[in-house]
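What follows is a short report on a single structure.
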Amino acid sequence: MVLSAVVGAAAVAVPVAVSTLVPTDPPEDPTAGVLDAAAAGVTAVLGYRSDTVDPDVARAQTHLTGDFLTYYRDVADSTVVPGARARGLTSTATVSARSLVSATESEAVTLLFVDQTVTGRDLPEPQTSSTSLRVRLGRVDGQWLISALDPI
């Protein structure tokens, strides 16, 4: 009788103890989404169409932060927008491969391999190029934004 009471108490106590010790949700990865943010940002920065260049540039800026945002604004205003309009340029970029180099909760470095194609009224055929980019990102208000983009 004592043995059955002990076994019965253990049968109730063990599941209760285990359920309170095992977390129900795994901890959130602070670097989750960094590769997607890098790829989305790079394709936005390198992609535009002559007929939608202003909203394309505005959209690209939402992926950027800090000095790189300032630099991009200057280049877009002085080169990208006027060139796209005057020459009817369209640029598309696709990320063919990506890797996380390093990351903390607030900063990350990624490596992206990017293929870019540019067409225009004065280009007899599409101009294609492939490049490797080191993309640095910072976490701003919970969102990964590009703070530097360097060809390797």
Side-chain angles (χ1 to χ4, degrees), residues 13-152:
V14 170
V16 170
V18 169
S19 69
T20 59
L21 294 176
V22 177
T24 55
D25 296 320
E28 185 177 316
D29 179 4
T31 63
V34 70
L35 287 173
D36 290 339
V42 165
T43 56
V45 165
L46 298 178
Y48 54 87
R49 295 171 37 110
S50 61
D51 58 340
T52 59
V53 68
D54 289 313
D56 294 341
V57 166
R59 181 176 39 85
Q61 291 179 26
T62 66
H63 295 273
L64 311 177
T65 190
D67 291 341
F68 187 66
L69 172 58
T70 303
Y71 170 79
Y72 177 80
R73 281 184 182 143
D74 292 344
V75 169
D77 290 345
S78 66
T79 306
V80 174
V81 172
R85 287 185 183 143
R87 298 177 57 203
L89 297 176
T90 295
S91 175
T92 57
T94 55
V95 175
S96 58
R98 60 194 192 167
S99 178
L100 182 62
V101 175
S102 64
T104 67
E105 291 183 9
S106 60
E107 297 178 332
V109 178
T110 64
L111 175 63
L112 273 58
F113 295 90
V114 180
D115 299 317
Q116 185 176 14
T117 303
V118 178
T119 60
R121 286 190 300 265
D122 61 347
L123 297 173
E125 57 187 55
Q127 304 293 307
T128 59
S129 62
S130 296
T131 189
S132 315
L133 299 172
R134 179 180 30 246
V135 182
R136 297 180 190 278
L137 299 100
R139 195 170 189 128
V140 179
D141 297 327
Q143 183 179 7
W144 289 107
L145 301 176
I146 296 174
S147 59
L149 193 150
D150 301 305
I152 296 178

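Atom set for the values below is all heavy atoms of this structure, side chains included, hydrogens, waters and symmetry mates excluded. The first residue of the sequence shown is numbered 1, and numbering continues consecutively from there.
Counted within 6.0 Å of CD on Gln116, heavy atoms from surrounding residues, nucleotides or ligands total more than 12; the atom is thus considered enclosed.
Annotation: side chain to side chain contact (heavy atoms under 4.5 Å, CB included) contacts of Pro82 (sequence neighbours excluded): none.
Residue pairs satisfying the salt bridge (charged side-chain N to carboxylate O under 4.0 Å, His left out) criterion with at least one member in residues 124-133, sequence neighbours excluded, are absent. Sorted by first and then second residue, the salt bridge (charged side-chain N to carboxylate O under 4.0 Å, His left out) pairs with a member in residues 34-46 read Asp36-Arg98; sequence neighbours excluded.
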Distance-only check: which donor-acceptor pairs under 3.5 Å involve side-chain atoms of residues 37-57, not counting sequence neighbours?
{"residue": "Thr43", "atom": "OG1", "partner": "Ala39", "partner atom": "O", "Å": "3.0"}
{"residue": "Thr43", "atom": "OG1", "partner": "Ala40", "partner atom": "O", "Å": "3.0"}
{"residue": "Arg49", "atom": "NE", "partner": "Asp51", "partner atom": "OD1", "Å": "3.1"}
{"residue": "Arg49", "atom": "NH2", "partner": "Asp51", "partner atom": "OD1", "Å": "3.2"}
{"residue": "Arg49", "atom": "NH2", "partner": "Asp51", "partner atom": "OD2", "Å": "3.0"}
{"residue": "Thr52", "atom": "OG1", "partner": "Asp56", "partner atom": "OD1", "Å": "3.4"}
{"residue": "Thr52", "atom": "OG1", "partner": "Asp56", "partner atom": "OD2", "Å": "2.7"}
{"residue": "Asp54", "atom": "OD1", "partner": "Arg85", "partner atom": "NH2", "Å": "2.9"}
{"residue": "Asp54", "atom": "OD2", "partner": "Arg85", "partner atom": "NH2", "Å": "2.2"}
{"residue": "Asp56", "atom": "OD2", "partner": "Arg49", "partner atom": "N", "Å": "2.9"}

Donor-acceptor pairs under 3.5 angstrom involving side-chain atoms of residues 128-138: please list them, not counting sequence neighbours.
{"residue": "Ser130", "atom": "OG", "partner": "Asp115", "partner atom": "OD1", "Å": "2.6"}

Could you list the donor-acceptor pairs under 3.5 angstrom formed by side chains in residues 62-74, with sequence neighbours left out?
{"residue": "Thr62", "atom": "OG1", "partner": "Arg59", "partner atom": "O", "Å": "2.6"}
{"residue": "Arg73", "atom": "NE", "partner": "Gln61", "partner atom": "OE1", "Å": "3.2"}

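Minimum heavy-atom separation, Asp122 to Pro124: O-CD, 3.6 Å. Trp144 and Arg139 get closest at one heavy-atom pair: NE1-NH1, 3.3 Å.
Proximity of a side-chain donor or acceptor of Thr90 to a complementary backbone N or O of Thr119 within less than 3.5 Å is not detected.
The shortest side-chain heavy-atom distance between Leu112 and Leu149 does not fall under the 4.5 Å cut-off.
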